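Quick notes on the structure that follows.
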Amino acid sequence: MFKLISILLRGRAHDAEQAFADCHAVPLLAQQIRDAAQAIQQARRSVAVAIAQNEQEKGQHATIVARIADLEIRATSALAKGNEPLAREAAEAIAFLEAERDASEKAQSQFVGAIDKLKAIVRASEARLQELQRGERLARATQDAQKLNVVVSGPGFATLDDAEETLARLRLRQSQNELTSAALKEMEGVTRPAGIIEKLANAGFGPPLHTSADDVLACLKGRVSPAA
């Protein structure tokens with residue numbers, strides 16, 4: 001029984017941990033990317049240190065090789081002059097320096113291998129980091145879009161539909177009022193005597209109710225002609 005309870009508790013703890021991680025997935029991803037970027041930066045520094053150490057080793061190697069060449073010339077000269085004891089000391093020094101030279105060459109080879117490996121790791125890690133950063137930006141944009149959808153579909157925006165319906169009813173009522181007003185005016189014009197008289201006059205039946213421009217011009221011409 002205790003074993004089953006323990007398993008159940010661990011299962012619930014795991015579910016709670018997963019739910020928490022899912023709820024905070026975007027900030028969790030951002031922090032993981034920052035940690036990865038920091039690790040890559042440290043790897044870059046490691047590569048730089050390895051390159052600097054290898055250059056230092058190359059300088060020491062060149063110094064050793066130059067000393068060996070110098071000692072060989074001097075030892076040969078000592079032998080030529082019959083000073084074998086001094087030549088032996090030079091030979092011992094040369095043997096020691098040759099061991100140092102070989103060790104330096106081995107170290108350089110190891111440095112080159114380590115540097116190439118570190119460079120490859122850094123390049124691959126940088127490519128993965130860039131892909132993660134693009135994914136994070138996309139995840140944030142998607143999350144913002146989802147939040148916007150929730151807001152738009154929330155109760156605060158539900159009144160948009162109601163407002164649109166109210167506006168449509170208002171426009172319909174205003175249009176009906178305008179049509180009604182126009183119809184009333186037309187009916188008044190037909191039923192009123194003044195309106196009927198105006199219609200008849202405009203149609204040419206009887207004298208016009210209003211003086212036209214042609215009438216005024218003809219009158220003015222009549223005034224001018226007798227004077228001439």
Side-chain angles (χ1 to χ4, degrees), residues 6-7 9-146:
S6 177
I7 294 174
L9 290 175
R10 285 189 287 111
R12 288 183 175 178
H14 176 74
D15 291 343
E17 181 181 353
Q18 287 298 113
F20 181 82
D22 292 341
C23 183
H24 300 85
V26 173
L28 178 63
L29 174 62
Q31 184 57 45
Q32 290 171 338
I33 289 175
R34 284 192 291 269
D35 293 341
Q38 186 176 3
I40 291 173
Q41 186 61 31
Q42 292 175 351
R44 288 197 194 99
R45 285 195 292 268
S46 298
V47 173
V49 170
I51 292 174
Q53 291 177 342
N54 189 43
E55 292 299 320
Q56 186 178 11
E57 192 64 40
K58 285 181 180 180
Q60 293 176 353
H61 178 268
T63 301
I64 292 171
V65 171
R67 286 182 179 177
I68 290 173
D70 182 63
L71 282 171
E72 286 177 347
I73 293 172
R74 296 179 188 278
T76 301
S77 178
L79 285 173
K81 293 182 180 180
N83 194 341
E84 187 171 342
L86 190 57
R88 176 176 290 277
E89 290 183 15
E92 291 175 353
I94 289 171
F96 175 79
L97 289 173
E98 286 178 344
E100 288 290 319
R101 179 198 61 195
D102 295 341
S104 177
E105 290 174 354
K106 184 178 180 180
Q108 289 182 60
S109 178
Q110 292 175 345
F111 271 126
V112 170
I115 290 169
D116 291 341
K117 185 177 180 180
L118 283 172
K119 283 183 176 179
I121 292 173
V122 169
R123 284 195 296 267
S125 299
E126 287 175 339
R128 292 173 63 188
L129 178 64
Q130 291 175 356
E131 185 64 26
L132 283 169
Q133 289 171 337
R134 284 191 290 268
E136 181 202 0
R137 292 194 294 270
L138 178 60
R140 287 189 181 276
T142 302
Q143 186 182 59
D144 293 340
Q146 290 174 348

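Keep in mind that this is a model prediction, so the values were computed, not measured.
In this structure, Leu132 and Glu136 have side chains that are not in contact, with every pair of non-hydrogen atoms separated by 4.5 Å or more. Between Leu138 and Arg134, every side-chain heavy-atom pair lies at or beyond the 4.5 Å cut-off. Counting heavy atoms from C-beta outward, Gln41 and Gln38 have side chains that stay 4.5 Å or more apart.
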Residue pair Glu126, Arg123: steps toward the salt bridge (charged side-chain N to carboxylate O under 4.0 Å, His left out) verdict: CA-CA 5 Å; Glu126 287 175 339; Arg123 284 195 296 267; over 6 Å; no
Worked check of side chain to side chain contact (heavy atoms under 4.5 Å, CB included) between Val65 and Glu105: CA-CA 11 Å; Val65 171; Glu105 290 174 354; 5.6 Å; no
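Between the NZ atom of Lys58 and the CZ atom of Phe111 there is a distance of 11.0 Å, given to the nearest 0.5 Å. With rounding to the nearest 0.5 Å, the separation of CD in Glu57 from NZ in Lys106 is 12.5 Å. Rounding to the nearest 0.5 Å places CG of Leu97 at 11.5 Å from OG of Ser104. Of the inter-residue distances, the one linking Glu92 atom CD with Leu71 atom CG reads 11.5 Å to the nearest 0.5 angstrom. Between atom NZ of residue Lys81 and atom OG1 of residue Thr76 there is a gap of 12.0 Å, rounded to the nearest 0.5 Å. How far CD1 of Ile40 is from OG of Ser46: 12.5 Å, rounded to the nearest 0.5 Å.
Taking Glu100 as the reference, Ile64, Phe96 meet the side-chain contact (heavy atoms from CB on, under 4.5 Å) condition, with sequence neighbours excluded. Residues passing the side-chain hydrogen bond (donor to acceptor under 3.5 Å, both in side chains) test with Gln32, sequence neighbours excluded: none. Listed by chain and number, the residues in a side-chain contact (heavy atoms from CB on, under 4.5 Å) with Glu98 are Ile68, Glu72, Ile94, Arg101 (sequence neighbours excluded).
Environment of CZ in Arg44: crowded, with over 12 heavy atoms of neighbouring residues, nucleotides or ligands closer than 6.0 Å.
Here the closest non-hydrogen pair linking Ile33 and Gln133 is CG2-CG, 3.9 Å. The shortest heavy-atom contact between Ala90 and Ala75 is CB-CB, 3.6 Å.
Judged purely by atom type and a 3.5 angstrom limit, Thr63 uses its side chain to pair as donor or acceptor with the backbone of Gly59.
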